[in-house]
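Accompanying notes for the structure given below.
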Amino acid sequence: MANTSKFNRTDVLTKASTLFWGKGFAGTSIRDIQDTVNMRPGSLYATFGSKEGLFKEALTSYTNQMSGSLDHCIGQVENPIEGLKSFVSFIIIDSQQNNPSGICMLYKASGEFMGENQPLFDFSQSLIQQFEKRVIGIFTDAKQLNFLDKNFDEANAGQQFIIQFTGLRNYFNGRNDPKLAHKLIEKMFTQLQQ
């Protein structure tokens, strides 16, 4: 009889993502991982190859979840920029209490690995660049749909979005003030569309 896997990979990656997001890569021990995902070290290594392998898959899982949330928000409205704004509100206001950190896991990882672990730094940077390209694509779509002026610089707007979104997430990390958050998000999008 074949030995079948007794774990749900998606569930393991979700739990590992939350653990790494909260404690960081260096602050997470193999024992922490074992206790959180309910797998023995041998099974972890056989499945993911290493702690680094698990981290990369967990970070990719986090990115895919963010992308899914973004897709959902954009799919609800005609103007892609309104969907992007809804996504920002969801991340900063609605889901903040459910996350182990208000700081984006991608940027937290990138900061942790800079100068410490070049392969994981490069990996986190590649995911950040994919997200930025996605945001630029959203502005491009909005421009093509005539929600933005034909001279609008979507590449610059995408960069500014990343800077402001990251800043707002950091600012509201542990700070529960939805009224102020809504106000600052509106201001952010007003500035981005100028």
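This one's a predicted model, so the numbers in the text were calculated from it and none came from an experiment.
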Nearest 0.5 angstrom please: [X] [atom1] to [Y] [atom2], how far?
X: N170; Y: K108; atom1: CG; atom2: NZ; result: 10.5 Å
X: F20; Y: E57; atom1: CZ; atom2: CD; result: 11.0 Å
X: E112; Y: E116; atom1: CD; atom2: CD; result: 8.5 Å
X: L59; Y: F25; atom1: CG; atom2: CZ; result: 11.0 Å
X: E82; Y: I74; atom1: CD; atom2: CD1; result: 11.5 Å
X: I92; Y: I185; atom1: CD1; atom2: CD1; result: 4.5 Å

Nearest heavy-atom contact between S110 and Q125 is OG-NE2, 2.5 Å

Would you mind reporting whether [Y] and [X] have side-chain heavy atoms less than 4.5 Å apart?
X: L44; Y: V37; result: yes
X: E132; Y: I136; result: yes
X: F161; Y: E154; result: no
X: L180; Y: Y171; result: yes

- Query: So, S67 side chain and T63 main chain: donor-acceptor pair closer than 3.5 Å or not?
  - Reply: no

Please answer whether the main-chain N or O of M105 pairs with a side-chain N or O of Y62 as donor and acceptor at a distance below 3.5 Å.
yes

| task | Apply side chain to side chain contact (heavy atoms under 4.5 Å, CB included) to F48 and L13, showing your working. | result | CA-CA 10 Å; F48 300 103; L13 290 173; 3.8 Å; yes

Within 45° cone and under 6.0 Å: K56 NZ/CZ vs F123 ring:
yes

Discussion item. One pair to check against side chain to side chain contact (heavy atoms under 4.5 Å, CB included): Q191 and Q164. What are the steps and the verdict?
Written reply: CA-CA 10 Å; Q191 291 172 343; Q164 292 185 40; 3.8 Å; yes

Per side-chain hydrogen bond (donor to acceptor under 3.5 Å, both in side chains), K23 is matched among T28, D32, T18 by D32

Under the criterion side chain to side chain contact (heavy atoms under 4.5 Å, CB included), I'd like the reasoning laid out for K85 against N79: C-alpha separation, chi angles, the key distance, then a yes or no. CA-CA 10 Å; K85 187 191 298 184; N79 182 345; over 6 Å; no

Worked verdict on M188 versus F165 for side chain to side chain contact (heavy atoms under 4.5 Å, CB included) = CA-CA 8 Å; M188 168 185 168; F165 178 51; 4.1 Å; yes

Any chance CD of Q76 has more than 12 other-residue heavy atoms, nucleotides or ligands included, within less than 6.0 Å?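 Correct, the count exceeds 12.
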
